[in-house]
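We number each residue from 1, following the sequence as shown. Heavy atoms only: backbone and side chains are in, while hydrogens, waters and symmetry mates are out.
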Amino acid sequence: MKVKSIVKLGTVASLATVLLAACGTSSSSSKAKDQTLHLMETSSLSSMDNAKATDIISGETLNNTGEGLLRFGKNSKTLPGLAKSYSKSKDGLTYTFNLRKSQWSNGEKVTAQDFVYSWQRTIAPKTGSQYAYLYADIKNANAIMKNKKPASALGVKKDGDYKLVVTLEHPVSYFPTLVAQQCFYPVNKKAVDKYGKKFATDAKHNVYNGPFKLTKWSGTSDDWTLTKNPKYWDAKVVKLQHVKYSAVKDPQTALSQYQSGKLDAIFLSGQQPKNYKNDKDFHSRVSSRITYVELNQRKDTMLKNKKARQALSMVINRQQYVNKVMQDGSKAATGIVSSGLAIRNGKDFSKTASVPSATSYNLDKAKTLWKQALKETGRKSYSITLLADDTPAGKSATEYIQSQWAKLDNFKVTNSNIPYKTRLSRSQNGQFEAVVSGWSADFPDPITDLSLFTTGNTYNNGRWSSKSYDKLIDEATTTNANKPSARWQNLVDAQKVMLKDQGIIPVYQTGMPQLMKSKVKGVVYFPVGANWDYSRAYIAK
């Protein structure tokens, strides 16, 4: 399939891509001499290993230092990346990607073998990739993940240096959007072998094939720097020389640094969005991220009790939280799938698949269910620790949820806000009772969210399990994979099963209010995936 056909095939999201300015149209006379962009992040960089990174900040950094077969671009389409074109077989089972000639930052050529190695590395159980499940539709992937076949059996092979052939188990309509994800990027085997355990743990123990290369990052520092990569195949379009990130957790500190010119863009929280909504630099965005509470259902009989889970959800007044407390454009969640992510026949999935009683405020019903849960589990009282990040958003969530849960009789809630990396580790290891989690859709299909909560999925931290849910997800990804209407209904029914059983407690869809200097042009924001692309951005005079 030629490049023109690529644009038709890969839709990224029904939520429109936001362009702050026209991309790649700047002239040398309109640009500032110093092409350094200074950005704020709410947490530090966690990982630069594309097989192991799971958070949005790592994803954003990887998105700008690496490139896969395809990439997300203007008008919410998948565009050519390292693949200048691709074709699909009539039965939808085989994709052939034709690669352009490109280089790693160390001067070595990027080949089809780099993709084969990367994908096999990610899918191998010993790697411990939490994104391995995204490979499930590729031939033999599931058997590999279960240690029944070697990683070399994965349905991906090279045909010379510049042709990659992928074989699927069944047709997957959204496959082009999958290969634009960071976990499908190529990896240089020589670099992995050379650096060993140090690979991707800091800036110098890695190589890059994207618009920028990471030139400053200790692995634990709160600041990191990207520098233009002269080896990038399309380096001529890259205007910025540096992108400097700083993790600033305090909103007032970030605002002061923005006002003094130390930062070119910041995220707003608390009363800031309300105070700056009429500022010319203000941008109101809504992401595809849902914040929710996971309850550890491994052993605790109270949290395994359906009535207790329902009570903990019903007692949260989501509308009050987003409208009166957050005031940043966030929306009350109706499920795990964000609004605007997927539309079919004019109907939004988030509305079609909602269960109002699971996300609506009902204090009287919550109190009744809670009393019944205490009785059924043989308790007179109950106490719990609510875990979350030590960011403003994390603290706001725990404080509000604590105030809501306090309305339930004989229930003590203790909040614990800890650094992001620590919280993430504890979530993954099941070291929590209740935790405020979040997930941003990786691609524009409900399965990106719903697949997380199948039995045994590594992201199912609370270990909720439902046979009927698993069956519906399996049907959507196999039997009905190429039957749009039936597949859609499978996914609608699956979310309803989860919500009725209160497998998780959805709280809100994240708003992303931001101040960005008007001199910053050409930045592309996506509601899905890694969100930000700076490859065509520049600083105007």
Side-chain angles (χ1 to χ4, degrees), residues 1-26 50 59-88 95-103 110 112 114-115 118-119 134 162-164 166 172-186 208-212 226 228-229 231-240 243 287-288 341-342 440-445 448 521-538:
M1 191 175 295
K2 301 299 182 182
V3 173
K4 289 184 179 178
S5 298
I6 291 177
V7 178
K8 294 179 181 178
L9 182 61
T11 302
V12 175
S14 54
L15 286 167
T17 298
V18 178
L19 290 178
L20 300 182
C23 294
T25 59
S26 64
N50 73 311
E60 178 185 331
T61 308
L62 284 164
N63 185 54
N64 285 282
T65 57
E67 187 165 272
L69 296 168
L70 305 178
R71 65 181 180 85
F72 294 146
K74 186 179 178 181
N75 297 327
S76 298
K77 305 291 184 179
T78 47
L79 298 176
L82 293 189
K84 57 186 178 182
S85 65
Y86 69 89
S87 60
K88 181 176 68 171
Y95 281 81
T96 301
F97 296 91
N98 302 303
L99 308 187
R100 67 180 80 252
K101 292 184 178 180
S102 62
Q103 293 180 308
V110 180
D114 291 323
F115 284 94
S118 173
W119 293 16
L134 287 181
Y162 298 107
K163 185 173 290 187
L164 187 73
V166 184
V172 181
S173 60
Y174 53 87
F175 187 68
T177 65
L178 281 181
V179 299
Q181 308 300 320
Q182 291 77 41
C183 66
F184 287 88
Y185 282 5
Y208 312 92
N209 75 313
F212 303 92
L226 310 186
K228 179 178 177 177
N229 181 8
K231 300 294 185 181
Y232 177 53
W233 70 268
D234 205 15
K236 63 181 181 298
V237 306
V238 182
K239 308 297 189 300
L240 293 173
V243 180
S287 75
S288 62
L341 181 73
S440 298
D442 292 304
F443 51 94
D445 190 279
T448 186
K521 309 292 185 182
V523 176
V524 180
Y525 167 76
F526 301 101
V528 298
N531 291 120
W532 303 96
D533 179 0
Y534 301 109
S535 64
R536 273 72 174 169
Y538 66 97

Report task. Only counting residues at least two apart or in another chain, list the ones meeting side chain to side chain contact (heavy atoms under 4.5 Å, CB included) with Pro211. Result -> Tyr232, Val238, Ser535

Run the ring pair (Phe, Tyr, Trp, His ring centres under 6.0 Å) test against [X] and tell me which residues pass, sequence neighbours left out.
{"X": "Tyr534", "value": "none"}
{"X": "Tyr185", "value": "none"}
{"X": "Tyr162", "value": "none"}

Quick one: closest heavy-atom pair of [X] and [Y], and the distance?
{"X": "Gly68", "Y": "Pro186", "value": "CA-CD, 4.2 Å"}
{"X": "Val523", "Y": "Ala537", "value": "CG2-CB, 3.8 Å"}
{"X": "Leu164", "Y": "Ala112", "value": "CD1-O, 3.7 Å"}
{"X": "Leu178", "Y": "Leu134", "value": "CD1-O, 3.9 Å"}
{"X": "Asn50", "Y": "Gln182", "value": "ND2-O, 2.9 Å"}
{"X": "Asn229", "Y": "Ala235", "value": "O-CB, 3.8 Å"}

Strictly distance-based, threshold 3.5 Å: is any side-chain N or O of [X] a donor or acceptor partner for the main-chain N or O of [Y]?
{"X": "Gln103", "Y": "Trp233", "result": "no"}
{"X": "Gln181", "Y": "Thr177", "result": "yes"}
{"X": "Trp119", "Y": "Phe184", "result": "yes"}
{"X": "Thr65", "Y": "Thr61", "result": "yes"}
{"X": "Ser440", "Y": "Ser288", "result": "no"}
{"X": "Lys84", "Y": "Asn98", "result": "no"}

Hey, are the side chains of [X] and [Y] touching, using non-hydrogen atoms and a 4.5 Å cut-off?
{"X": "Lys163", "Y": "Phe97", "answer": "no"}
{"X": "Ser102", "Y": "Lys231", "answer": "no"}
{"X": "Val166", "Y": "Phe175", "answer": "yes"}

Can you tell me how far apart [atom1] ([X]) and [atom2] ([Y]) are? Round to the nearest 0.5 Å.
{"X": "Thr78", "Y": "Leu69", "atom1": "OG1", "atom2": "CG", "result": "11.0 Å"}
{"X": "Phe72", "Y": "Leu79", "atom1": "CZ", "atom2": "CG", "result": "10.0 Å"}
{"X": "Tyr86", "Y": "Leu99", "atom1": "OH", "atom2": "CG", "result": "14.0 Å"}
{"X": "Lys239", "Y": "Lys521", "atom1": "NZ", "atom2": "NZ", "result": "14.5 Å"}
{"X": "Phe212", "Y": "Asn63", "atom1": "CZ", "atom2": "CG", "result": "10.5 Å"}
{"X": "Lys88", "Y": "Tyr95", "atom1": "NZ", "atom2": "OH", "result": "4.0 Å"}

Requested in this report: Taking only Lys NZ, Arg NE, NH1 and NH2, and the carboxylate oxygens of Asp or Glu, determine whether Asp234 and Arg536 approach each other closer than 4.0 Å.
Outcome: yes

Query - Test side-chain hydrogen bond (donor to acceptor under 3.5 Å, both in side chains) applied to Asn64 - qualifying residues, sequence neighbours left out - result: none

Report task. Carefully, step by step, assess Arg71 and Asp533 under the rule side chain to side chain contact (heavy atoms under 4.5 Å, CB included). Result -> CA-CA 10 Å; Arg71 65 181 180 85; Asp533 179 0; 4.0 Å; yes

